[in-house]
Structure formats: structure tokens, C-alpha cells
Amino acid sequence: MSLQKSPFVSATATLGDPKSLPGIIGIIGGQDVQIQEYPYQVAVNVSPTSDLCNGAIIASDQIITSASCLLSVPIDQIQIRAGSSTADEGGSVHRAVNVFIHDKFTIDSDENDVAIIEVAPPFEIDRTRQPIELFGKDDKADQGVYANASGYGDFERRTPTDYKLRVVSIPILDQSCVFANTPGLICAGAIGKGPCWNDFGSPLTIGGRLAGLLISISKPCGGPNFSGQYTEIAHVREWIDEYRNRGHPTFSI
């Protein structure tokens, strides 16, 4: 996947010094929330860059996130924090023991940008750590429906210790934001509302079910025609079910 596809910035972009980035970096137009309200949310730290991605719990030992967050990252440098309203403290910390990337995902396309991470130790399922139900393969994110986007991205260029869980309600848009007519993507956002930097892999939910995962954003964040691109869970649901029912996909790191 290329580092930048105008007007969208992908999750593989090198973020560098946050102070050098244009605009805000994080969920904008939303509000701080507690993890008990969104107990599927996790923070995914990838070292040595210390870039922050997000994901969602889908089983007691599995999360789902965007594959592009994990490219070229050694498995022993992936750390997942669950059960916390902040990205760097509280809750529980888990190591990645296996990472499985969609076998049809390539660096040249945003299609099938999804990965499953197996973690250890398993999550203790409680009020702050719970799996989320997924969209089925025939479910649609219809234009005009409102969805919740959540993430730990920095909202006001604060230090990483201030990465707080935030959520914003945004409408599903038409497909005009999709780059090169790539199938299997959802567009969502509004002026002054939506995810931004450090929110890649963030869950997009409709009716309490996982509909998408953030993989790219328009810039500047919150500006005119602002929107995010999300991997459509319905589009990759068969791959997820194959992973669960028939063993692991072939493309792993």
C-alpha cells in the first residue's frame, strides 16, 4: 500500500513527530467516553515507531484491526491494551502470538485491509472487555445511517499519556470517497466530525455491531468533504468465518 493516496492518507503513512502534522490528530467532534460503554475497543501499539492503532475484540483471545497497521512490524513488538479508557495505562496488556492477514490483501490496494491478532493471555471477559458482534456478509451500511466511530487518537496534540477513548456519531456517505473504485469499502464522516491520525484500525459500529475498520482519512481532518474509508466487514466476513471454522488463513506474519 502506498504511503499516501491523495486526498486520503493511509494507515501505513509514517507519522513522525506529531507536532509536525497538519491539523488535529484524533477523533474530532466527539466526546470522551468510558470503556464500559465500548468494551470491545482496544489500543494496538506497534513498536519501534510507537505508532498507535486501534482494534476490536472478537473473541476471548482475538482482536480484529486493519492489516496496514501491522505491515513490517515484528510480532514481538505488537502490544494490545484492553479494558481501559486510555491507551497507555490501566486495563490489561496482551502480547500478539499470531497475526493473520487477509490472503487477498496487497500493498497495492486498500481492498481486504483486515487482520486478526491472536493474543496471550486471553482477555478476561467482563464489563470492560467484551467481544463485539460482526456484520454478516449480506448486511449493508446504507447511506444516511449514522454510525459510531471510536478510537484513542490524540485530540489536541497532548502527550501520549493523554490518549483517551473518544467516540463520534457520523453518517454513512456515498462511495465517492473510494479511491480507484476499490470494492469492499465504506465511506463515513462529516465536516468537523470523524477519526483522524492515530485512529487507524478504529471500529465503525452500527446498531452495536462492527460494520467497518478505519484504513484511511481525507485531509485536513474535519475539513470540507471530510470522510474516512473503512474496510467493510460484510466484504471480508467470509474470510473471517473461514479463519474461525476451517483453520488459519495462509498469509501470516
Side-chain angles (χ1 to χ4, degrees), residues 4-11 13 15 18 21-44 51-56 65-66 68-69 85-87 110 113 132 135 139-158 162-179 182 185-233:
Q4 181 171 322
K5 293 180 178 178
S6 180
F8 297 96
V9 180
S10 74
L15 300 186
L21 296 175
I24 300 170
I25 50 176
I27 294 280
I28 57 176
Q31 60 186 351
D32 291 355
V33 293
Q34 296 301 307
I35 190 65
Q36 291 88 343
E37 302 172 75
Y38 300 88
Y40 51 82
Q41 179 81 39
V42 296
V44 182
D51 286 345
L52 179 67
C53 284
N54 296 257
T65 187
S66 64
S68 48
C69 278
S85 302
T86 58
D110 287 332
D113 188 347
I132 188 171
F135 258 37
D139 289 326
K140 300 295 182 184
D142 294 323
Q143 182 178 348
V145 170
Y146 272 75
N148 285 333
S150 55
Y152 292 99
D154 193 0
F155 179 58
E156 293 175 342
R157 299 192 184 283
R158 298 171 292 203
D162 289 322
Y163 284 158
K164 295 181 180 179
L165 180 59
R166 293 178 60 82
V167 67
V168 64
S169 179
I170 51 177
I172 303 299
L173 306 176
D174 63 27
Q175 295 301 98
S176 61
C177 85
V178 173
F179 180 81
T182 304
L185 298 181
I186 297 171
C187 298
I191 296 176
K193 291 186 176 183
C196 195
W197 299 99
N198 286 343
D199 283 319
F200 298 113
S202 289
L204 183 76
T205 65
I206 298 175
R209 296 189 299 155
L210 185 64
L213 296 165
L214 183 69
I215 61 170
S216 66
I217 53 175
S218 61
K219 59 179 184 177
C221 296
N225 303 314
F226 176 63
S227 63
Q229 288 183 315
Y230 298 80
T231 291
E232 184 179 26
I233 293 300

Review point. So among Leu214, Asn148, Leu213, Ile170, which one has a side chain to side chain contact (heavy atoms under 4.5 Å, CB included) with Leu204?
Key: Ile170
Exercise for review: Could you check if a side-chain atom of Ile132 sits within less than 4.5 angstrom of a side-chain atom of Tyr38, using non-hydrogen atoms only?
Suggested key: no
Check your understanding: Taking side chain as C-beta onward, heavy atoms only, is Leu210 less than 4.5 Å from Tyr40?
Key -> no
Check your understanding: Is the backbone of Lys140 close enough, under 3.5 Å, to the side chain of Glu232 for a donor and an acceptor to pair up by distance?
Key -> no
Exercise for review: Compare every heavy atom of Tyr146 with every heavy atom of Ser169, then report the nearest pair and how far apart it is.
Suggested key: OG-CD2, 3.3 Å
Point to revise | Gln143: side-chain contact (heavy atoms from CB on, under 4.5 Å) partners, not counting sequence neighbours | key: Asp174
**Study point:** Shortest non-hydrogen contact between Tyr230 and Ala149, atoms and distance
**Key:** OH-CB, 3.8 Å
Revision key, fill the gap. Between Gly201 and Thr65 the two heavy atoms that sit nearest each other are CA-OG1, 3.8 Å
Got a list of side-chain donor-acceptor pairs under 3.5 Å for residues 186-196, not counting sequence neighbours?
none

Check your understanding: When rounded to the nearest 0.5 angstrom, what distance separates CZ in Phe200 from SG in Cys69?
Key -> 7.5 Å
**Study point:** Among Val168, Val167, Thr205, the one residue meeting side chain to side chain contact (heavy atoms under 4.5 Å, CB included) with Ser150
**Key:** Val167
Review point. What distance do Asn54 atom CG and Asp199 atom CG have between them, rounded to the nearest 0.5 Å?
Key: 5.5 Å
Review point. Side chains of Asp113 and Thr231: is there a donor and an acceptor less than 3.5 Å apart?
Key: no
Study note, to complete from the structure: Value for CD1 (Ile215) from OG1 (Thr182), rounded to nearest 0.5 Å, stands at 8.0 Å
**Study point:** side-chain contact (heavy atoms from CB on, under 4.5 Å) involving Ile35 - partner list, sequence neighbours excluded
**Key:** Gln41, Ser85, Thr128, Tyr152, Leu165
Exercise for review: Find out whether Asp139 and Ile206 are in side-chain contact, i.e. whether some heavy atom of one side chain is under 4.5 Å from a heavy atom of the other.
Suggested key: no
Review point. Quick one: CD on Gln175 to CD on Gln229, what's the gap to the nearest 0.5 Å?
Key: 9.0 Å
